[in-house]
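See structure below.
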Amino acid sequence: MKVYEILEATKGILVSGNKEDDICFFSQDSRQMKNGGMYIPLKGERFDGHDFIESAFQTGATAIITAKDVSYPDKIVIKVEDTYQALKDMAIYLRSHRPVKVVGVTGSVGKTSTRDMVYSVVKQKYKTLKTEGNYNNEIGLPLTILRYQDEEVMVLEMGMNHLNEMSRLSMIAHPDVSCITNVGTAHIGELGSRENILKAKLEITDGMKDQSTLIINNDNDMLQTVDLPRLNVVRVGKNEGASIQASDIELFEDHSTFIVHYHDQSEKIWVPVQGEHNVFNALIAIAVGLELDISLEDIKKGIQEFELTKNRMDILEKNHKTIIDGTYNASVDSMKSSIDVLANYKKRKVAILADMLELGSYSQQLHEEVGNYVATKEIDVLICIGKEAKYMYQKAKEKMENVYYFTSNQEVIEQLDQFLKNDDVVLVKGSHSMNLKEIVEKI
């Protein structure tokens with residue numbers, strides 16, 4: 001991005017430097033600077049990025065935007081009113097001034113795995129940029145767009161906790177194609193109802209032009225109700241009403257297969273990860289591929305080559321046990337999907353489940369729902385940890401024999417040897433702040 005473009009985008013003032021210079025790297029972290037990069041100091045609750053301007057120059061930055069008066073005559077310095085707004089303005093400018101298509105991906109669960117699968121399909125034909133890690137919010141999304149070099153497609157993950165947040169992301173990214181994986185109960189404590197979650201997810205369409213494509217999981221009860229005449233709505237799923245439909249789903253311990261039907265055609269698809277939820281992710285990736293004129297052969301190849309982002313349902317083989325590491329985060333829907341994966345194994349099955357957080361007044365009801373679900377899935381041992389997981393334990397205890405309750409990870413760690421045997425398959429899952437990684441490490 002040229003300096004004069006940054007000035008135009010931000011309405012900033014060039015304090016020093018050449019407006020014809022090119023900036024090819026942007027970061028809000030002074031420790032991650034690269035030579036020739038621009039440092040964007042943001043003000044947070046605990047730190048003010050302006051305090052690290054000197055450090056950013058020492059680690060390679062040649063340019064900064066700043067809301068404070070600073071003097072670096074040999075560097076590119078652009079003065080703006082608000083660096084956070086300037087970050088968004090630069091991303092909006094770049095998005096609208098480059099020949100690139102944008103695919104937006106959101107949903108209560110499955111955003112990251114769907115994003116990765118869509119990326120794996122799209123890159124078969126196009127030079128593609130995708131969101132890395134959890135850069136899916138109002139800081140991460142603009143920074144992802146600013147990574148653009150000469151790509152033809154961007155696959156952007158978009159997350160939110162509150163109403164109007166997704167709308168702001170959509171007005172930055174202006175997706176040509178948007179995907180909603182599902183509407184569940186994640187963040188229901190903040191949003192108050194699933195109806196509000198649906199409303200929040202549909203804000204992804206706010207920045208879309210008329211006749212753009214919205215791809216939705218039509219098997220989801222909330223998404224089934226979507227009616228947006230101004231958009232081309234593509235529905236995927238197992239049930240009737242889907243224009244891209246899956247049948248003959250077979251779930252194995254390390255992969256899945258299904259037949260996809262669309263436009264009077266049928267084709268067998270091989271997915272290199274387990275779980276029915278990944279069949280739905282594959283359907284969305286197929287829909288995106290077709291929308292971008294990618295051949296079915298390339299779409300199939302992209303799905304076969306798909307790799308999950310680390311820390312999202314990692315399968316570990318350690319100490320004569322198979323560990324399903326779901327410690328990154330948890331909601332009712334991701335809990336159920338993970339339990340389904342565990343239930344698909346033929347070996348002895350142990351579930352270690354902890355609190356799901358941010359559920360507000362729905363917490364008891366939703367923990368009981370998970371407890372009831374485990375009890376229907378022929379899981380051999382259930383271990384519940386945490387204040388809210390007590391409801392899970394109480395519900396499962398009504399139908400299961402080997403159910404145990406602990407208040408802390410440490411109590412479980414001290415007694416793990418009593419619960420686990422060689423060749424067990426062990427699912428460990430709960431909200432990130434429950435720190436279940438320490439149990440995974442112990443196993």
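The two residues L156 and A173 come nearest to each other via the heavy atoms CD1-CB, 3.9 Å. Residue P41 comes nearest to T83 through the heavy atom pair O-OG1, 2.6 Å, listed as atom of the first residue, atom of the second, then distance. In plain terms, the two heavy atoms of G386 and Y405 that are nearest each other are O-OH, 2.8 Å. The shortest non-hydrogen separation linking V102 to H174 is CB-O, 4.2 Å.
Side-chain atoms of Q124 and E305 include a donor-acceptor pair closer than 3.5 Å. Using modelled atom types and a 3.5 Å distance limit, the side chains of Q224 and N220 yield no donor-acceptor pair. No side-chain N or O of Q211 forms a donor-acceptor pair with one of N232 less than 3.5 Å apart. Side chains of H432 and N329: no donor on one and acceptor on the other come within 3.5 Å. Looking only at atom types and distance, the side chain of D206 has no donor-acceptor partner in the side chain of S170 under 3.5 Å away.
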(message) Between T322 and L316, is the side-chain contact (heavy atoms from CB on, under 4.5 Å) condition met? List the steps.
(response) CA-CA 6 Å; T322 302; L316 313 169; over 6 Å; no

(message) Assess the residue pair I180 and L198 against the criterion (side-chain contact (heavy atoms from CB on, under 4.5 Å)); give the C-alpha distance rounded to whole Å, side-chain angles, the decisive distance to 0.1 Å, and a yes or no.
(response) CA-CA 10 Å; I180 306 180; L198 173 64; 5.9 Å; no

(request) For E250 and S256, run side chain to side chain donor-acceptor pair (under 3.5 Å): C-alpha distance rounded to whole Å, both residues' side-chain angles, the deciding distance at 0.1 Å, then the answer. (result) CA-CA 6 Å; E250 291 191 81; S256 315; over 6 Å; no

(request) Take L202 and L228 through the test side-chain contact (heavy atoms from CB on, under 4.5 Å) and record every step on the way to the result. (result) CA-CA 10 Å; L202 284 173; L228 292 169; 4.2 Å; yes

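Contact check on R98 versus E5 returns a salt bridge, with a Lys/Arg side-chain nitrogen under 4.0 Å from an Asp/Glu carboxylate oxygen. Using a cut-off of 4.0 Å between Lys/Arg side-chain N and Asp/Glu carboxylate O, D176 and R95 are scored as salt-bridged. A salt bridge does not link D325 with K429: every distance from a Lys NZ or Arg NE/NH1/NH2 to an Asp or Glu carboxylate oxygen is 4.0 Å or more. Between K300 and E267 there is a salt bridge, since a side-chain N of the basic residue sits under 4.0 Å from a carboxylate O of the acidic one. Contact check on K387 versus D355 returns no salt bridge, with no Lys/Arg side-chain nitrogen under 4.0 Å from an Asp/Glu carboxylate oxygen. By the 4.0 Å N-to-carboxylate-O rule, K395 lies close enough to E398 to be salt-bridged with it. Ion pairing between D150 and K127 holds under the 4.0 Å rule for side-chain N and carboxylate O. Here D424 pairs with R348 in a salt bridge; the nearest charged N to carboxylate O distance falls below 4.0 Å.
Using a 4.5 Å heavy-atom cutoff, the side chains of V236 and Q245 are not in contact. Contact annotation: the side chain of I197 never approaches that of M222 to less than 4.5 Å [non-hydrogen atoms, C-beta and beyond]. You'll find the side chain of F280 stays beyond 4.5 Å of the side chain of T181, heavy atoms only. With contacts defined as side-chain heavy-atom distances shorter than 4.5 Å, the pair V426/I352 qualifies. Looking only at side-chain heavy atoms (C-beta outward), Y93 and M1 come within less than 4.5 Å of each other. Counting heavy atoms from C-beta outward, E138 and R168 have side chains that approach closer than 4.5 Å. L146 has its side chain out of reach of I23: every pair of non-hydrogen atoms, C-beta onward, lies at least 4.5 Å apart.
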Quiz: residues 288-297 side-chain donor-acceptor pairs under 3.5 angstrom, not counting sequence neighbours:
unit_1	atom_1	unit_2	atom_2	d
E291	OE1	T213	OG1	3.4
E291	OE2	T213	OG1	2.8
S295	OG	D298	N	3.2

Name each donor-acceptor pair under 3.5 Å that joins a side chain in residues 367-374 to protein atoms two or more places apart or in another chain, with its distance.
unit_1	atom_1	unit_2	atom_2	d
H367	ND1	S363	O	2.9
H367	ND1	S363	OG	3.3
H367	NE2	M356	N	2.9
E368	OE2	Q364	NE2	3.1
E369	OE2	K336	NZ	2.6
N372	OD1	K399	NZ	2.6
Y373	OH	D340	OD1	2.7
Y373	OH	D340	OD2	3.2

Kindly list each side-chain donor-acceptor pair under 3.5 angstrom involving residues 257-264, sequence neighbours excluded, with atom names and distances?
unit_1	atom_1	unit_2	atom_2	d
H261	ND1	S266	OG	2.8
H261	NE2	S247	OG	2.6

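A donor-acceptor pair under 3.5 Å is absent between the side-chain atoms of K130 and the main chain of T128, judged by distance alone.
With rounding to the nearest 0.5 Å, the separation of CD1 in I439 from CD in Q410 is 9.0 Å. Taking CG of L129 as the reference point, atom OG1 of T144 lies at 7.0 Å (rounded to 0.5 Å). Here M158 contributes atom CE and M160 contributes atom CE; the two are 11.0 Å apart, rounded to the nearest 0.5 Å. Distance CD1/I40 to OG/S30: 12.5 Å, rounded to 0.5 Å. Going from atom CZ of F26 over to atom CD of Q32 covers 15.0 Å, rounded to the nearest 0.5 Å.
Judged by the 6.0 Å and 45° rule, K88 forms a cation-pi pair with Y84.
F252 has its ring centre less than 6.0 Å from the ring centre of H255.
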